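Small disclaimer: the values here were computed from a predicted structure and weren't measured. For the single chain, residues carry numbers from 1 onward in sequence order.
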Amino acid sequence: MRTDDAIDKLCDIAPIIADIGEKAKNDQEFKDFLANYNKAKDNRMFVLRVLPVLVKNYKEDMYAILSIWTEKPIEEIKEQSIGVTVKELKAIFEDEDIRAFFSSFSEPKKTAEE
């Protein structure tokens, strides 16, 4: 994807991701997921574990992100096979910058001194 196209898509997706971020701050299930996630695990494992939480809790937001990223109408995404949807979501959430964004909502770990 050309940088120019990617920037346009990211600008369109950013408000949706910010909205998810605001919702996730109060989402105990999501916070629990992040608290229990071992950051040493590889990117694939992160994606496989975070996707079900995000899709279950933020389904319409995920459709909107996919719609922008794939340039397909939301209705087409809803009608496509689950395999295609999972593949498209994986491609987005395997991106290190997007992964770092969602990981930023985890609570900092307390040190022994705290």
Engineer: Name all residues meeting the side chain to side chain contact (heavy atoms under 4.5 Å, CB included) criterion together with E71; count only those two or more places apart in sequence or in a different chain, and write none if there are none.
Structural biologist: K9

Engineer: Testing L10, D8, D12 one by one against I68 for a side chain to side chain contact (heavy atoms under 4.5 Å, CB included), which residue passes?
Structural biologist: D12

Engineer: Less than 4.5 Å apart, any side-chain heavy atom of Y63 and any of K78?
Structural biologist: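 Result yes, sub-4.5 Å side-chain heavy-atom pair found.
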
Engineer: Any chance you could measure M62, atom CE, to N57, atom CG, to the nearest 0.5 Å?
Structural biologist: 10.0 Å

Engineer: Distance check, rounded to the nearest 0.5 Å: T70 atom OG1 versus E88 atom CD?
Structural biologist: 5.0 Å

Engineer: Tell me, please, which residues at least two apart from E79 pass salt bridge (charged side-chain N to carboxylate O under 4.0 Å, His left out).
Structural biologist: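 Applying salt bridge (charged side-chain N to carboxylate O under 4.0 Å, His left out) to E79 gives none.
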
Engineer: Heavy atoms only: give me the nearest I77-S67 pair and the separation to one decimal.
Structural biologist: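 Scanning both residues completely, I find the closest heavy atoms to be CD1-N, 3.2 Å.
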
Engineer: Can you name the residues that form a side chain to side chain contact (heavy atoms under 4.5 Å, CB included) with E76, not counting sequence neighbours?
Structural biologist: K72, P73

Engineer: Return the set of residues passing salt bridge (charged side-chain N to carboxylate O under 4.0 Å, His left out) with K87 (not counting sequence neighbours), or none when no residue passes.
Structural biologist: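 K87 satisfies salt bridge (charged side-chain N to carboxylate O under 4.0 Å, His left out) with no residue once adjacent residues are dropped.
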
Engineer: Checking K31 side chain against N26 main chain: does a donor-acceptor pair fall under 3.5 Å?
Structural biologist: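 No.
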
Engineer: Going from CG on L66 to OG1 on T85, what distance comes out if it is rounded to the nearest 0.5 angstrom?
Structural biologist: 6.5 Å

Engineer: Who pairs with D61 by salt bridge (charged side-chain N to carboxylate O under 4.0 Å, His left out), at least two apart in sequence or on another chain?
Structural biologist: K23

Engineer: Looking at every heavy atom in both L54 and F30, which two are closest together, and how far apart are they?
Structural biologist: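 Here L54 and F30 meet closest at CD2-CE1, 3.6 Å.
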
Engineer: Which pair of non-hydrogen atoms, one from A64 and one from I74, has the smallest distance, and what is that distance?
Structural biologist: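 Residues A64 and I74, closest heavy atoms: CA-CD1, 4.1 Å.
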
Engineer: Checking one residue: V86. Which other hydrophobic residues are in its cluster under the side-chain 4.5 Å linking rule?
Structural biologist: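 I82, listed by chain and number.
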
